[in-house]
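The next block holds one structure in the form of structure tokens; read it before the comments.
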Amino acid sequence: MRNNGGEIVSFFAGMVIGLTVGSLITLLTTPYTGKEVRGKIAKRGKDTLKRLREIKDQLEREIEEKGRGLKGEAAEKVSELRKKVDELFANLEK
């Protein structure tokens, strides 16, 4: 029987060690200070949020335009149906 528990522990230990070493190397070799990195992350977050708001506004405008178009089409259909009903009653009255 194989010892799967030991293999899992070894895998996770290796993963933790690898992440730790990778993080340390990144911290020691980065050309930016922590403040600069945080500033860049904050700016990127603000830019992303701004872009998402623009997309939301654009979608709202498009939905509103489509809604107006559908409303116009619906009004035309109702008008056509009313005419047909009026014609039908006029024919029935004759």
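The salt bridge (Lys or Arg N to Asp or Glu O under 4.0 Å) analysis of residues 40-49, with sequence neighbours excluded, yields the pairs Lys43-Asp47.
One distance of note links CZ of Arg61 with CD of Glu64; it measures 10.0 Å at 0.5 Å rounding. For the atom pair Ile25 CD1 and Leu28 CG, the distance stands at 8.0 Å (nearest 0.5 Å). Here the CG-CG distance, from Asp57 to Leu52, works out to 11.0 Å after rounding to the nearest 0.5 Å. From Arg68, atom CZ reaches atom CD1 of Ile63 across 12.5 Å, with rounding to the nearest 0.5 Å. Between Lys66 atom NZ and Glu73 atom CD the span is 9.5 Å, to the nearest 0.5 Å.
Listed for the Ser79 side chain is no donor-acceptor partner under 3.5 Å among the backbone atoms of Ala75. The main-chain N or O of Thr26 is never found under 3.5 Å from a side-chain atom of Thr30 such that the two would form a donor-acceptor pair.
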TODO: Would you please test Val37 and Thr33 for side-chain contact (heavy atoms from CB on, under 4.5 Å) and show each step?
DONE: CA-CA 6 Å; Val37 171; Thr33 64; over 6 Å; no
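With hydrophobic clusters built from ILVMFWY side chains whose heavy atoms lie under 4.5 angstrom apart, Tyr32 shares a cluster with Ile41. Under a hydrophobic clustering in which Ile, Leu, Val, Met, Phe, Trp and Tyr are joined whenever their side-chain heavy atoms come within less than 4.5 Å, directly or via other members, Val16 and Val9 fall into different clusters.
For the pair Glu80/Lys83, no side-chain contact is recorded, criterion being any heavy-atom separation below 4.5 Å from C-beta on.
Using modelled atom types and a 3.5 Å distance limit, the side chains of Glu54 and Gln58 yield no donor-acceptor pair.
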